[in-house]
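What follows is a set of notes on a single structure, which appears directly below.
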Amino acid sequence: MKTRIENINEKTKEEILGQAGAILKNGGLVAFPTETVYGLGADALNEEAAFKTYEAKGRPSDNPLIVHIADMDALNKIVQSIPKKAQMVAEQFWPGPLTMVFQKSDMVPRGTTGGLNTVAVRMPDHQLARELIVAGGGYISAPSANSSGRPSPTSAKHVAEDLAGKIDMIVDGGRVEIGVESTILDMTVDPPMILRPGAITLEMLESVIGSVQVDRAIVDETSKEAPKAPGMKYRHYAPKATLTVVKGELAACVDAIEKLTAERLEKGDKVGIIGTDETIASYTHGMVKSIGCRKEEESIAHNLYHVLREFDEEDVDCIYSEAFFEMSIGDAIMNRLLKAAGQRVMIAEEIVNSKR
Ligand code: TXA
Ligand code: MG
């Protein structure tokens, strides 16, 4: 299959959206930008289209898709009821980087929900995305538009790297704004439960609906419990290089990474370092990339997947990364980074103090 890659501007927009909408209504696949990451769109009410989505991504079919909508009317039709707290959360955070899980209505096929009786729904805060949803019939399932196991795409180029030849069209709307996937909040339990951290944080949600729980399996990744969002059990990114997160006081992290890098370089390895604007000048060797500025935490989320893909292209043997715990979107960043690292973490102070 030849994948059309379409640039959107004021002149082309109407025509391309019309064509993309027709592809979706015919059961085809169209990748498109949202404010979080690029999504791989398909008609959420068409089971065949869901199967095509799983195949294109190489994704296990027990991992449900998020249904994207453009207005509240659409929500009413695909869920059994809207709990009061969900209404409050929607009023505050939709459109936005937040997904809510509801009991599904019969309108949603099980192919879309990975066999579950619940459905995850999101209204994205991205003009083009919402116009595409409407053009495609109003209910568009969209997992992140990467091959299963690769970092989520934050640009049309990333989508093409993974999915060119496997989908009908990529709508290029430039680089996305946020860079990590939406927060997932399960509204079928009370108090509601966060199944995946994202830009809408625990504190933000609690300020609107009071107590919110967090899935234990994502707080403690060594927990034996299975995560409640089926997709969270899969390792998201298996880089060629081994990624290790080094945590501790920032100065100790830099010293530890310097020491670890020197050891690996001596062995003849190619070493990548994920630093920040505040620290990159302190590293004296290795291939250093800044992931953003600690004072502007959003910049770190924005660059995370981009930097991981860049290191993949550089063919490094190992990557050491600083940790990012203290920030409000830090939970979301660390959750993704630790997944990419296969939970490999070292304590900076122990490395600095060890005789090696
Ligand atoms: O920001 C986002 O949410 C992006 C953009 C494209 O909107 N989409 C996204 O989709 O991240 P995906 O498929 O890569 O991740 C969906 C996650 C998976 O972990 C899946 O298991 C979980 O949502 N999920 C979907 N439906 C669910 C349900 N009914 N119950 C629990 N978890 C669900
Ligand atoms: Mg994904």
Side-chain angles (χ1 to χ4, degrees), residues 29-42 44 50 53-54 56-70 78-80 93-105 108-126 128-130 132-133 140-154 158-159 162-163 171 173 176-189 192-200 215 217-218 226-237 301 305 329 332 335-336 339-340:
L29 304 182
V30 177
F32 64 98
T34 78
E35 78 277 33
T36 56
V37 299
Y38 271 72
L40 177 55
T53 305
Y54 288 114
K57 277 180 65 79
R59 171 170 175 152
S61 59
D62 67 345
N63 188 357
L65 310 175
I66 296 174
V67 179
H68 292 61
I69 56 172
I78 54 176
V79 304
Q80 282 187 15
F93 299 114
W94 272 3
L98 176 85
T99 296
M100 284 191 275
V101 177
F102 300 89
Q103 296 296 342
K104 77 172 192 69
S105 75
V108 187
R110 285 237 163 68
T112 298
T113 64
L116 299 176
N117 289 327
T118 54
V119 60
V121 188
R122 178 162 107 81
M123 191 190 293
D125 185 16
H126 193 289
L128 188 58
R130 285 213 304 281
L132 183 106
I133 292 164
I140 300 299
S141 57
S144 49
N146 51 293
S147 302
S148 201
R150 294 269 293 153
S152 294
T154 53
H158 295 165
V159 180
D162 287 12
L163 299 179
V171 175
V176 302
E177 190 189 322
I178 296 179
V180 292
E181 305 88 338
S182 61
T183 305
I184 300 179
L185 185 63
D186 184 355
M187 304 306 303
T188 69
V189 293
M193 185 188 283
I194 292 179
L195 307 185
R196 178 174 75 181
I200 304 298
D215 184 0
I218 58 170
K228 295 190 173 51
M232 296 295 281
K233 68 175 178 271
Y234 298 106
R235 186 168 163 203
H236 260 183
Y237 176 47
Y305 290 134
I329 201 176
N335 172 267
R336 309 309 193 279
K339 264 184 192 305

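Reckoned from all heavy atoms, side chains included, excluding hydrogens, waters and symmetry mates. Indexing begins at 1, ligand by ligand and atom by atom, following the structure's order.
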Decide whether the shortest distance between a heavy atom of P124 and an atom of ligand 1 is less than 4.0 Å.
-> no
Counting each atom of ligand 1 from 1 as listed, which ones have a heavy atom of G39 under 4.0 Å away?
-> 6 (C)
Run the numbers for me: atoms of ligand 1, each under 4.0 Å from some heavy atom of A142, listed by number.
-> 6 (C), 8 (N), 10 (O)
Could an N or O of ligand 1 be found under 3.5 Å from any N or O of T36, whether backbone or side chain?
-> yes
Short check: any N/O/S atom of S152 below 2.8 Å from the Mg ion (ligand 2)?
-> no
CG/D62 to CG/L116 distance, rounded to the nearest 0.5 angstrom?
-> 8.5 Å
CD (Q103) and OG1 (T118) are apart, to the nearest 0.5 Å, by 6.5 Å
Approximate separation, where rounding is to 0.5 Å, of K228 NZ and D186 CG = 9.0 Å
R59 meets the side-chain hydrogen bond (donor to acceptor under 3.5 Å, both in side chains) criterion, sequence neighbours left out, with N63
Could you see which bit of H68 sits under 4.0 Å from ligand 1, with heavy atoms only: side chain, backbone, both or neither?
-> side chain
Distance filter under 4.0 Å to L116 heavy atoms, resulting ligand 1 atoms = 28 (C), 29 (N), 30 (N)
Has K228 got any heavy atom lying under 4.0 angstrom from an atom of ligand 1?
-> yes
Polar contact flag for T118 and ligand 1 (N/O pairs, less than 3.5 Å) | yes
Mind listing the closest non-hydrogen atom pair of D125 and R130 along with its distance?
-> CA-NH1, 3.7 Å
Who passes ring pair (Phe, Tyr, Trp, His ring centres under 6.0 Å) against H126, sequence neighbours left out?
-> none
What are the atoms of ligand 1, with element, lying closer than 4.0 Å to any heavy atom of E181?
-> 1 (O), 2 (C), 11 (O)
Evaluate the side chain to side chain donor-acceptor pair (under 3.5 Å) criterion for residues S152 and E181: first the C-alpha distance (whole Å), next the side-chain angles of each, then the deciding distance (0.1 Å), finally the verdict.
-> CA-CA 8 Å; S152 294; E181 305 88 338; 2.6 Å; yes
K57-ligand 1 polar pair, N/O distance under 3.5 Å = no
Using distance alone, decide if ligand 1 has a nitrogen or oxygen within less than 3.5 Å of any nitrogen or oxygen in N63.
-> yes
Here the atoms of ligand 1 under 4.0 Å from any heavy atom belonging to R59 are 12 (P), 13 (O), 14 (O)
Check each atom of ligand 1 against the heavy atoms of A120 and keep those under 4.0 Å away; list them by number with element.
-> 25 (C), 26 (N), 27 (C), 29 (N)
Look only at interatomic distance and state if S182 has a nitrogen or oxygen under 3.5 Å from any nitrogen or oxygen of ligand 1.
-> yes
Scanning both residues in full, the closest heavy-atom pair of P230 with P64 reads CG-CD, 3.5 Å
Ligand 1 and I66, any nitrogen or oxygen pair closer than 3.5 angstrom?
-> no
Interatomic spacing from OG in S182 to CZ in F93 - rounded to 0.5 Å | 13.5 Å
Compute whether any side-chain donor of one residue and acceptor of the other, for T36 and R122, lie under 3.5 angstrom apart.
-> yes
Report the part of D186 (side chain from C-beta onward, or backbone N, CA, C, O) that has a heavy atom under 4.0 Å from ligand 1; answer both or neither where that applies.
-> neither
Could you pull out the closest heavy-atom pair between A332 and V180, with the gap in Å?
-> CB-CG2, 4.3 Å
Contact atoms of ligand 1, heavy-atom distance to R122 under 4.0 Å | 1 (O), 2 (C), 3 (O), 5 (C), 7 (O)
Only one of L98, I133, I69, I140 clears side-chain contact (heavy atoms from CB on, under 4.5 Å) with P124; which?
-> I133
What atoms of ligand 1 come closer than 4.0 angstrom to any heavy atom of I184?
-> 17 (C), 22 (C), 23 (O)
Answer side chain, backbone, both or neither: which part of T113 comes under 4.0 Å from ligand 1, heavy atoms only.
-> neither
